[in-house]
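Both ligands and their constituent atoms are indexed starting at 1 by order of listing. It should be emphasised that the depicted structure is a prediction, and the values quoted were computed from it without experimental measurement.
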Amino acid sequence: MLEQLPRPTIFAHRGASASAPENTIAAFELAIRQNADAIELDAKLCGDGNVVVFHDDTLDRTTDGVGSIKDLPLEALKELDAGSFFDEAFHGERIPTLSEVFEAVGQKTFINVELKNYSSLTDALPDRAAELVKKHAVSHRVLFSSFNPIALRRAKKLLPEVPVGLLTLPGYASKWIVSALGRWIPCQALHPPIKDASQHLIEQHHRRGYRVHVFVVNHPQEISCLYRWGVDGVFTSDPLLARRAIESEAAREASMT
Ligand code: G3P
Ligand code: MG
């Protein structure tokens, strides 16, 4: 899958989340229309063990519900409005399941599934997500990522053909942490935050054979800079802005040769 991704890959972070409510089918479909190369989404288990696509632990910020998502069954979550917090034009948009996202866009784009089981590190999320990847025959289109190395190890065991990317916290992209975890998790990509990104870091990770995908980058100057440093991908809320920044940097480079 990774070999099919362009360099640099534009990952629409939670979908085209600058222009549509994050982690909804509307945001994923818009990302495709905006010509993003891939989408990123956040996956977690809800109360009855279904895999839902949602960022926060609680419903309060992005829906008209309250409380913890892990306490509610899918049926209750499906009643919530996950669009109006962003704009009334998206009223009625629902929290999607991972299955629904695979169904809607799984054959149209590449999908970075962030395994977001951070408060229950060894739950069945990797198992459930892997089952869905198989069921929808999207193993050639999915990249798993997580800050949770246990989840990545489990996903890799279940689906060896699906690449995994380790997300690193600010300040934790050090040589030691990455080399230690890199041996323990057979990851193919590293996902550092923009705060940690530098030409040195990217070159160091490249020497070790990793792709480097940086999150979250919404400023054209930062995208241009990452492009010059040879970044392999950026997570952005605004794929149109990212595309413009990359194209203008590529044109500038071409005019100098
Ligand atoms: O995958 C990159 C990024 O999504 C990680 O942070 O909190 O936006 O899921 P977060
Ligand atoms: Mg995420």
**Study point:** Those protein residues which place at least one heavy atom below 4.0 Å from ligand 1
**Key:** His13, Arg14, Glu40, Asp42, His55, Glu114, Lys116, Leu167, Phe215

Review point. Can you tell me if Ser237 and Asn218 form a side-chain donor-acceptor pair at under 3.5 Å?
Key: yes

Point to revise | Charged N-O contact under 4.0 Å between Lys134 and Glu131 | key: no

Exercise for review: Scan for ring pair (Phe, Tyr, Trp, His ring centres under 6.0 Å) pairs involving residues 226-257, sequence neighbours excluded, and state none if there are none.
Suggested key: Phe11-Phe235, His191-Phe235

Check your understanding: Below 4.0 angstrom, N of the basic side chain to O of the carboxylate: do Asp57 and Lys44 qualify?
Key -> yes

Solution key, residues 22-31 side-chain donor-acceptor pairs under 3.5 Å, sequence neighbours excluded:
from  : atom 1 : to    : atom 2 : distance (Å)
Glu22 : OE1    : Arg14 : NH1    : 3.1
Glu22 : OE1    : Arg61 : NH1    : 3.3
Glu22 : OE1    : Arg61 : NH2    : 3.3
Glu22 : OE2    : Arg14 : NH1    : 3.4
Glu22 : OE2    : Arg61 : NH2    : 2.8
Asn23 : OD1    : Asp42 : N      : 3.4
Asn23 : ND2    : Asp42 : OD2    : 3.0
Thr24 : OG1    : Pro21 : O      : 2.7
Thr24 : OG1    : Ala27 : N      : 3.2

Check your understanding: So what's near the Mg ion (ligand 2), protein N, O or S atoms under 2.8 Å?
Key -> Glu40 OE2, Asp42 OD1, Glu114 OE1

Point to revise | Spacing of Asn117 atom CG and Asp123 atom CG [to the nearest 0.5 Å] | key: 4.5 Å

Check your understanding: Taking NZ, NE, NH1 and NH2 as the nitrogens, is one of them in Glu249 or Arg252 under 4.0 Å from a carboxylate oxygen of the other?
Key -> yes

**Study point:** Test: Asp37 and Arg243 ion pair at under 4.0 Å
**Key:** yes

Practice item. Any chance you could measure Thr58, atom OG1, to Lys70, atom NZ, to the nearest 0.5 Å? Key: 10.5 Å

